[in-house]
Amino acid sequence: LQKLIHLLQATDDPLIQEQALITLSNSAAFSVNQDIIRNLDGLSVIGGMLSDCVPKVKEKALNALNNLSMNIKNQEEIQVYITQVCRNVESAPLNSDLQLAGLRFLTNMSVTTDYHHKMINSIPCFLHLLSEGTERTQIQVLKVLVNLSANPAMTRHLLRAQV
């Protein structure tokens, strides 16, 4: 895991980055590896890949962060990327793999109410995706919206959203 994280830092080759992120994502499916990746500062390295201009690299980084977000301690660190992921979801091509990866990440990050406030500005986008997206996109958006709607503090924001 340490070598994969170092490889991500050392290369600018998108194909190598994608493969390293896929391997880290698969490794993050195991809870023991989630802690190891966090302790190796892997969360910030993977999070840094969200700024990459190659959509496939961003998508693979989101998939890895999604798996890593199943851990409360990891959520505390990766919550700093929520606003950026919301922007990526809004700017990604409709129904793209990148958009779906971002929505899956936001679904996990919205399971608890801790970070709902960071998604308020994206509610109009979520509602737009609900009306314009394919079934896969709609299902993923609904998961985010259901999580947000479980928080009474979000009711006003959900009902007043301009679509």
Worked check of side-chain contact (heavy atoms from CB on, under 4.5 Å) between L106 and V85: CA-CA 8 Å; L106 294 174; V85 172; 4.0 Å; yes

Under 3.5 Å: donor-acceptor pair, side chain of [X], backbone of [Y]:
X    : Y    : answer
N67  : A29  : no
Q34  : A28  : yes
Q75  : N108 : yes
T11  : L7   : no
T107 : L103 : yes

Identify the two heavy atoms, one from [X] and one from [Y], that lie closest to each other, and give their separation to 0.1 Å.
X    : Y    : result
S149 : L158 : CA-CD1, 3.6 Å
C53  : P55  : O-CD, 3.3 Å
Q17  : D12  : NE2-CA, 3.8 Å

Transitively linked via ILVMFWY side-chain contacts under 4.5 Å: [X] with [Y]?
X    : Y    : answer
L4   : L68  : yes
M70  : M109 : no
L62  : I16  : no
F105 : L94  : yes
L98  : L15  : no

SB check K56 E59 (cutoff 4.0 Å): yes

Worked check of side-chain contact (heavy atoms from CB on, under 4.5 Å) between V89 and S122: CA-CA 9 Å; V89 167; S122 294; over 6 Å; no

Between atom [atom1] of [X] and atom [atom2] of [Y], what is the distance when rounded to the nearest 0.5 Å?
X    : Y    : atom1 : atom2 : answer
K73  : I78  : NZ    : CD1   : 14.5 Å
H116 : I123 : NE2   : CD1   : 9.5 Å
I22  : K60  : CD1   : NZ    : 4.5 Å
L43  : Y81  : CG    : OH    : 7.5 Å
D114 : Q79  : CG    : CD    : 9.0 Å
S44  : M49  : OG    : CE    : 12.0 Å

4.5 Å side-chain heavy-atom contact, N63 and L21: no

No-hydrogen, no-angle side-chain donor-acceptor test under 3.5 Å, N151 and T113: no

Atom CG of N26 with >12 non-hydrogen neighbours under 6.0 angstrom: yes

side-chain contact (heavy atoms from CB on, under 4.5 Å) between I46 and L8, intermediate numbers included: CA-CA 8 Å; I46 295 168; L8 270 180; 4.2 Å; yes

Check against side-chain contact (heavy atoms from CB on, under 4.5 Å), M119 and C86: CA-CA 7 Å; M119 299 179 206; C86 286; 4.2 Å; yes

Taking distance alone, no hydrogens or angles, what donor-acceptor pairs closer than 3.5 Å link side-chain atoms of residues 125-136 to residues at least two apart or in another chain?
residue, atom, partner, partner atom, Å
S131, OG, H128, O, 3.0
T134, OG1, N95, OD1, 3.3

